[in-house]
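Chain identifiers are assigned alphabetically (A, B, ...) following the order of the sequence lines, protein sequences preceding nucleic acid strands; residue numbering begins at 1 within each chain. Side-chain atoms are counted along with the backbone in the values below, which use heavy atoms only and exclude waters and symmetry mates.
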There are 2 protein chains.
Amino acid sequence: MKSDTWLKELRKQGYRLTEARRAVVETVAQSPRALSPTDVYNLSKEHYPALGLVTVYRTLEKLEELHLVQRVHQEEGCNAYLSEAEGHQHLLICTECKKAVYFEGDDLGDFFGEVGKAHNFVVNEHWLQLFGICKDCKRICD
Amino acid sequence: MKSDTWLKELRKQGYRLTEARRAVVETVAQSPRALSPTDVYNLSKEHYPALGLVTVYRTLEKLEELHLVQRVHQEEGCNAYLSEAEGHQHLLICTECKKAVYFEGDDLGDFFGEVGKAHNFVVNEHWLQLFGICKDCKRICD
DNA sequence: CTCCTTATTGAAAACGGTTTTCATTTAACC
DNA sequence: GGTTAAATGAAAACCGTTTTCAATAAGGAG
Ligand SMILES: [Mn+2]
Ligand SMILES: [Mn+2]
Ligand SMILES: [Zn+2]
Ligand SMILES: [Zn+2]
């Protein structure tokens with residue numbers, strides 16, 4: 001279970017394992033789509049009603065520091081968090097149901113270097129994200 | 001001058017040309033980097049001190065509707081506006097001085113289609129941005 | 001040029017998401 | 001079980017953005 005790994009990692013960093021943290025970690029770790037702090041709050045509250053929104057913010061902050069989640073930018077907003085992929089990967093997001101999947105873009109580094117050279121830049125980071133309609137949503141639309 | 005084109009376009013859409021609008025348009029049209037509403041406000045105020053921040057927001061909104069500016073997402077924030085390129089282009093941004101230049105990425109469409117196919121998605125939009133250090137900033141660092 | 005109409009403006013208030021403060025709780029260690 | 005400091009949630013503060021509204025001025029008509 002991914003959430004167990006995350007909890008173990010938090011513990012390893014010296015953080016305490018509380019009910020509130022377990023609830024937040026559980027919610028985010030198993031979500032197929034990026035969640036806003038409020039999303040996380042509402043979903044987690046079902047398993048731990050005493051949860052406070054502040055704790056959601058604080059927990060997401062720690063998970064991001066540990067590179068267990070990443071912030072995802074979308075048209076509708078730039079404050080949603082998603083379980084991070086291992087290694088260097090990029091996102092493909094369904095604009096209908098918001099499901100997110102990772103893919104590798106190994107071949108692109110050279111192209112980006114060329115672009116940089118052409119403009120006298122040293123390129124050392126890139127953001128790439130694809131948007132589309134997933135199979136499930138496609139079926140529903142038709 | 002780019003700002004004249006923008007003013008003409010605004011007029012064509014039936015909007016009135018005011019001192020406040022001229023100041024905002026002037027600032028954004030000639031900026032080499034994306035500017036936040038507050039940036040635009042502070043810079044424009046020098047040419048038109050009576051300017052209100054609200055008008056900056058309202059003018060940027062209109063410029064975006066007319067596709068004269070585009071919103072730029074960066075690590076430091078997602079609410080900066082930049083003169084939009086004609087046609088489909090992508091951004092290369094200097095993380096030091098924030099200077100932004102556009103480049104074309106024609107070759108990529110096929111690759112993105114393949115990625116989609118592999119994950120049962122129909123890809124119909126992509127977001128690509130490169131970050132690096134521009135020649136000028138490179139010189140200063142060394 | 002002068003008059004009218006109404007789009008536009010800036011100040012102030014409202015708003016909403018995020019952060020800070022602080023007294024209370026509780027996880028972890030002995 | 002007792003101790004201690006990290007963690008919590010409620011409430012207040014904060015801050016970027018939007019709404020409200022009375023005053024202003026752009027631009028068309030005469
Ligand atoms: Mn890559
Ligand atoms: Mn492209
Ligand atoms: Zn979908
Ligand atoms: Zn630079």
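- When rounded to the nearest whole Å, the span between CD of Glu61(B) and P of dT17(D) equals 12 Å.
- Residue Arg11(B) places at least one side-chain N or O closer than 4.0 Å to OP1 or OP2 of dG28(D).
- Of all nucleotides listed (dG10(C), dA10(D), dA28(C)), dG10(C) comes nearest to the side chain of Tyr48(B).
- Atom C1' of nucleotide dA7(D) and atom CG of Leu10(A) are separated by 13 Å, given to the nearest angstrom.
- A distance of 8.0 Å separates OG of Ser36(B) from CG of Asn42(B), quoted to the nearest 0.5 Å.
- Distance, Lys62(A) NZ to dA6(D) P: 11 Å, rounded to whole Å.
- Distance from the side chain of Thr18(B) is smallest for dT9(C) among the nucleotides dA28(C), dT17(D), dT9(C).
- When the P atom of dT19(C) is taken as reference, atom CG of Leu60(A) falls 10 Å away, rounded to whole Å.
- Atom CG of Leu53(A) is separated from atom P of dT20(C) by 14 Å (rounded to the nearest Å).
- Residue contacts for Arg22(A): at a heavy-atom cut-off of 4.0 Å it reaches no nucleic acid atom on any strand shown.
- Around the NE2 atom of His88(A), the shell of radius 6.0 Å holds more than 12 heavy atoms that belong to other residues, nucleotides or ligands.
- Across the protein-nucleic acid pair, Asn42(B) atom CG and dG16(D) atom P stand 11 Å apart, rounded to whole Å.
- For His126(B) and His90(A), the ring centers are positioned 6.0 Å apart or more.
- Note on Arg58(B): a base of the nucleic acid sits closer than 4.0 angstrom, heavy atoms only.
- The nearest heavy atom of DNA chain C to Thr38(A) and to Gly14(B) marks one nucleotide each, and the one closer to the 5' end goes with Gly14(B).
- When rounded to the nearest whole Å, the span between CD of Glu19(B) and P of dG27(D) equals 11 Å.
- The shortest distance between the side-chain N/O atoms of Asn79(B) and the OP1/OP2 oxygens of dT17(D) is below 4.0 Å.
- Summarising the geometry, the separation between CD on Glu76(B) and C1' on dG16(D) is reported as 17 Å, rounded to the nearest angstrom.
- More than 12 non-hydrogen atoms from other residues, nucleotides or ligands lie less than 6.0 angstrom from NZ of Lys2(A).
- Glu26(A) and Gln30(A) share no donor-acceptor pair across their side chains, judged by distance under 3.5 Å alone.
- If you check dG9(D), dG27(D), dG17(C) against the side chain of Tyr57(A), the one that comes closest is dG17(C).
- In this structure, Arg16(B) does not reach the dT9(C) phosphate: none of its side-chain N or O atoms is under 4.0 Å from OP1 or OP2.
- A sub-4.0 Å separation between OP1 or OP2 of dT9(C) and a side-chain N or O of Arg21(B) is present.
- If you check dG28(D), dG10(C), dG9(D) against the side chain of Ala20(A), the one that comes closest is dG9(D).
- Checking Val54(B) against Leu17(B), the closest nucleotide of DNA chain D that is more toward the 5' end is the one next to Val54(B).
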